[in-house]
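Below you'll find the structure, written out as structure tokens, and then a few comments.
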Amino acid sequence: MASSLSELPDRKREVLFLAYYLDLTQPEVARLLDLPLGTVKSHTRRGLRALACLLDEHA
């Protein structure tokens, strides 16, 4: 999982790390990274989709 996560683009990896490892809400992530909430939501959705594809490739 960690190796697949490291293959994601920096911003998507950062958003997922803050949301799922540090258990921050999307508004908290947006404030911390100084990003619009919609951007955080997009990075989360696209990052999770890309991570799922990477995990399928490695399975």
With sequence neighbours excluded, tell me which residues meet side-chain hydrogen bond (donor to acceptor under 3.5 Å, both in side chains) with T25. E28
Run the side-chain donor-acceptor check on residues 44-59: report pairs under 3.5 Å with partners two or more places apart or on a different chain.
{"unit_1": "T44", "atom_1": "OG1", "unit_2": "V40", "atom_2": "O", "d": "2.8"}
{"unit_1": "H58", "atom_1": "NE2", "unit_2": "E7", "atom_2": "OE2", "d": "3.1"}

Testing L22, L24, V15 for side chain to side chain contact (heavy atoms under 4.5 Å, CB included) with L32, which one passes? L24
Scan for ring pair (Phe, Tyr, Trp, His ring centres under 6.0 Å) pairs involving residues 19-52, sequence neighbours excluded, and state none if there are none. F17-Y21
For R31, check salt bridge (charged side-chain N to carboxylate O under 4.0 Å, His left out) against everything at least two apart and list the hits. none
Residues passing the side-chain hydrogen bond (donor to acceptor under 3.5 Å, both in side chains) test with D34, sequence neighbours excluded, are none
Salt bridge (Lys or Arg N to Asp or Glu O under 4.0 Å) contacts touching residues 14-25 (sequence neighbours left out): R11-E14
